[in-house]
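Heads up, the thing below is written out as structure tokens.
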2 protein chains.
Amino acid sequence: MTVIESTPAATGTTDVCAAAPPSHPRPDGQDRYTISEVAAWTGLTAHTLRWYERIGLMPHVDRSATGQRRFTNRDLDWLTLVGKLRLTGMPVAAMVRYAELVRAGDHTFDERRELLETTRRDVLARIAELHETLAVLDYKIDIYTGARPAPERAAR
Amino acid sequence: MTVIESTPAATGTTDVCAAAPPSHPRPDGQDRYTISEVAAWTGLTAHTLRWYERIGLMPHVDRSATGQRRFTNRDLDWLTLVGKLRLTGMPVAAMVRYAELVRAGDHTFDERRELLETTRRDVLARIAELHETLAVLDYKIDIYTGARPAPERAAR
DNA sequence: CGCTTGCTTCGAGTGCGCTCGAAGGTCCTA
DNA sequence: TAGGACCTTCGAGCGCACTCGAAGCAAGCG
């Protein structure tokens, strides 16, 4: 599994009404999750979560008195976004860039919007490609389903 | 460029009528392309084409009297299909499996069809995921375009 | 008290899909 | 006959996104 594959956790509800913020395990104020809780929630490994933080893909994560990570609901939201972007095939470096813009403050609003719009265009292009591929697949499946012998010079 | 990215050569005509077989540089019978011609046509490198053959992703490729590869229009068709499948994120190993089935003969028809149908389902799932992502992106772009300050607890 | 569980950091390893370099053979054109 | 483009094989290297192991500290439980 490199990229392209939904996390098992994310495939719960196939609700199309997506824009609503996802509900979280705990209410704001009591949201202090250990790394293993977050790992279970996101489907990522603890190793990967630490790695995300190391490379700057996570906003600064709180620590407990003894130095352990304590994630918040906001962190979960962020990880949800990252998960979506990951599914688009967006390179980690680009996501890190976005995270940096977020950390840099409000004056990067325009740049962030541009980055998102570029990504949006990429996603639309990918969808179009996949539809083309679908057409090819349907064409071949038809051949295999109907006429058993393939036509003269098909790519098999 | 690892996976996910259309070849520059393939982005010529954005014709939606995809099912028609692509026209080839030379008519059948005089179709004997060198590796560099095929490289130019597909956008792959000669190295990659040889590698495809090595790992069993190409059907057997003809040779000239002196042992050089000579590709046919059928090979180009095959490479077009492989290119499409590659765009879906299908692992090379699965494509090799399909190629093996083709080589194995007509009694693998059913298995090939199943493989294609599984792939088809995967592609549909990917498209659905991308639409979800699109919704998230639109939501965020709206925030950045309209209200300049982000709402209370957005994932930024 | 010892045990388990789970956390920490650091750095090395893995799998995929290419990608490239080296060393040498062949074809074509002038 | 010389030059250069282009081909061959083999094997090593690379970039990405993780993935894992080791060594050690800390909390909680019977």
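Note: hydrogens, waters and symmetry copies are ignored here, and every other heavy atom, side chains too, is used. Lettering of chains follows the sequences in order, A, B, ..., and the numbering in each one begins at 1.
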Starting the side chain at C-beta, find the nucleotide from D:dA26, D:dC18, C:dG17 nearest to B:P91.
C:dG17
From the set D:dT8, C:dT8, D:dC18, return the single nucleotide nearest to any side-chain atom of A:T48.
D:dC18
Is A:R50 near enough to C:dT9 that one of its side-chain N or O atoms lies under 4.0 angstrom from OP1 or OP2?
no
If you only use heavy atoms from C-beta on, which nucleotide in C:dC7, D:dC7, D:dC18 is closest to the side chain of B:I35?
D:dC7
Nearest to the A:H47 side chain among D:dC20, D:dT8, C:dC18, which nucleotide is it?
D:dC20
Think B:R69 has a side-chain N or O under 4.0 angstrom from the OP1 or OP2 of D:dC7?
no
Side chain of A:V92, heavy atoms from C-beta onward: which of C:dC18, D:dA17, C:dC7 has the nearest atom to it?
D:dA17
Are side-chain N/O atoms of A:D77 and A:T80 paired as donor and acceptor at under 3.5 Å?
no
Students often get this wrong, so: under 4.0 angstrom with heavy atoms, is B:T34 touching a base, only sugar-phosphate, or nothing?
sugar-phosphate
Distance below 4.0 Å between A:Y52 side-chain N/O and D:dA17 OP1 or OP2:
no
Give one of base, sugar-phosphate or nothing for A:R63, where a contact means two heavy atoms less than 4.0 Å apart.
sugar-phosphate
Tell me whether the rings of B:Y98 and B:W78 are parallel (<30°), tilted (30 to 60°) or perpendicular (>60°).
parallel
Using a cut-off of 4.0 Å on non-hydrogen atoms, how would the nucleic acid contact of B:T45 be classed: base, sugar-phosphate, or nothing?
nothing
Residue whose nearest DNA chain C nucleotide is more 5′ - A:E37 or A:R54
A:E37
Residue B:W51, side-chain heavy atoms: nucleotide from D:dC7, D:dC18, C:dT19 that is nearest
C:dT19
